[in-house]
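First comes the structure, then the notes that go with it.
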Amino acid sequence: MASRGHNHLVIMAGGVGSRFWPMSTPECPKQFIDVLGTGRTFIQMTVDRFRGVVEPENVWVVTSQRYADIVRQQLPEVPASNVLLEPCRRNTAPCIAYVAWRIKSMDPKANLVVAPSDHIVTDREEFRRVVTDALDFTQQGDAIVTLGMKPTRPETGYGYIQADLSSPSLRNKSVFRVDSFKEKPDLKLAQQYIRRKEYFWNSGIFVWNVNTIVNSLRIYAPEISEIFEKLLPIYGTPQEQERINVEFPKCKNISIDYAILEKADEIFVMPADFGWSDLGTWGSLITLANKDAQGNAVVGQNVSLYDTNGCMVHTTEERRVVIQGLKNCIVAEKDNTLLICQLSEEQRIKDWMEA
C-alpha cells in the first residue's frame, strides 16, 4: 500500500487556449472557468477529485506567471510555495522536469500523479480507486504508468495507447505494458481502433515515483535534466524564481510523450473507465450535459426555449434569455460578448476571432 504522506499531485495549468470562447480567453483560459455551471472551475474540480488520495500540502500547480494570482485565488488551500511559475511556454517535458526536481529536493520518496488541469471525471470514487492502485504499483518499482481510457466512440481528437493485453504485470493484473503510442487518428483509423480491445484513449494522466521520472529525464532528456538538477541548492529559497526565469527558457520545447514515454522501456498502461473527458469544445460539452426532450443542454438559471432543438446554451449572467427557432446552435455569453453560431461552425468562429 502506497504511503499517502509521500503521494504528490502535480497539476499542469499553463495552457493559454480559448477553446470555450467567449467564456475562456488568453487572460482566463479554460482551466479557470466554470463551464459546467457547478460553482467550481476545472482546476478546482481537479483538486477536488484527489481528496483522500493526496494531502493538501502535497498538491503542486505548474502554471504561467500571468496566472499566478488566479491560481492562488481559486486554490487558497494549496501552499503558495507549491505554485511553480513558468516564465514562458516550453511544453510538458520541462514543466514535469521542473516540478519533479523541486519535489525530489524535499521528498526523495515522493510518488507522483501528473494530471492536466482541465479534464472532466464523472465517477470520482472509481477515479480515486484507480489512481490509488496506480500509486501502489509505481511505489514498488521503476515503472511509468499511464491511465488509458476505454474508448466509447471513434474519437479523432485524442491520442491512443496500444496495450499488450496478452501479459498483465505479475504485480498487478490490471496493468499492461504499452506497445505503442498513437497520434490523433483520422476517422477511418479511429474506427479501426475502437473495434480492437487493445486500444485506449491517452488521458494524459501519468503516475511514477520521483526517482523513476528523474532518472528517465537524465537518460532520455539530459539537456533538460541538467538545467533543473544544477538548481537543487536554490529550490525553496528566495532565489528560485529568479534563476528559473533565466534557466527555464533554455529548455527544448518538447512534450513528455516525445521526450520520455516513446523511448523508455518500463512503460505501462492501466485501463480505466471513470467517466473521463477532455472537454475541448462546446460541441463536446453538449454530449456530457443533461439535455431536455429536444436535445438542448442549458447552463443558466433564466433561459426559456421554444421550437429549439439540439442547442448548447450557456448564459449564466442573470439575464433573461429567450430563444426561439434555433437548431444545433451554440449560444454562449460572457461579459459583453454573445456568441450565436452553428455547432458545426465552432472551430471556424474561433479561427476568425484569433486571426
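The analysis underlying the following values was restricted to heavy atoms, covering all of them including side chains, and did not include hydrogens, waters or symmetry mates.
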State, to 0.1 Å, how close [X] and [Y] come at their nearest heavy-atom pair, and which atoms those are.
X	Y	result
K104	V210	CB-CG2, 3.7 Å
D118	D278	O-OD1, 4.3 Å
S24	P29	CB-C, 3.9 Å
P108	N211	O-ND2, 3.2 Å
D34	G39	OD2-N, 2.8 Å
V269	L147	CG2-C, 4.5 Å

Looking at [Y], is its backbone amide N or carbonyl O close enough to the side chain of [X] to form a donor-acceptor pair, meaning the two atoms are under 3.5 Å apart?
X	Y	answer
N209	A110	no
N172	S174	yes
E240	G236	yes
S64	P87	no
D292	Q294	yes
N328	L343	no

(message) Salt bridge or not between R319 and E333? Use side-chain N to carboxylate O under 4.0 Å.
(response) yes
(request) Taking only Lys NZ, Arg NE, NH1 and NH2, and the carboxylate oxygens of Asp or Glu, determine whether R177 and E266 approach each other closer than 4.0 Å. (result) yes
Following the transitive rule for hydrophobic clusters with a side-chain heavy-atom cut-off under 4.5 Å over Ile, Leu, Val, Met, Phe, Trp and Tyr, establish whether [X] and [Y] coincide in one cluster.
X	Y	value
L231	W101	yes
Y160	M149	yes
M12	V61	no
L85	Y98	no
V53	I103	no

(request) Apply the side chain to side chain contact (heavy atoms under 4.5 Å, CB included) test between V331 and each candidate in V298, V303, I323; give the one that qualifies. (result) I323
(request) For side chain to side chain contact (heavy atoms under 4.5 Å, CB included), just list the numbers for H314 and T316, CA-CA rounded to whole Å, side-chain angles, deciding distance to a tenth of an Å, and then say yes or no. (result) CA-CA 6 Å; H314 197 291; T316 60; 3.8 Å; yes
Gap between atom [atom2] of [Y] and atom [atom1] of [X] - 0.5 Å precision:
X	Y	atom1	atom2	value
I254	I224	CD1	CD1	6.0 Å
E229	I227	CD	CD1	12.0 Å
N202	D257	CG	CG	6.0 Å
I267	F206	CD1	CZ	9.5 Å
K230	S225	NZ	OG	11.5 Å

Residues, nucleotides or ligands: over 12 heavy atoms within 6.0 Å of [X] [atom1]:
X	atom1	value
R40	CZ	yes
K263	NZ	yes
Y220	OH	yes
E345	CD	yes
K327	NZ	no

Do [X] and [Y] have side chains that get closer than 4.5 Å, going by heavy atoms?
X	Y	answer
R128	V131	no
D179	E198	no
T146	I205	no
C251	F228	yes
E27	R66	yes
F248	C88	yes
I144	T212	yes
F20	K334	no

Would you please say whether a donor-acceptor pair under 3.5 Å links the side chains of [X] and [Y]?
X	Y	result
T237	Q239	yes
S166	D164	yes
Q241	N245	yes

(message) Using a 6.0 Å distance limit plus a 45 degree cone around the ring axis, check whether R171 lies over the aromatic ring of F137.
(response) yes
(request) Measure the acute angle between the ring planes of W276 and W201, then classify it against the limits of 30° and 60° as parallel, tilted or perpendicular. (result) tilted
(request) Flag the pair F50 / F127 as yes when their ring centroid distance falls below 6.0 Å, and as no otherwise. (result) yes
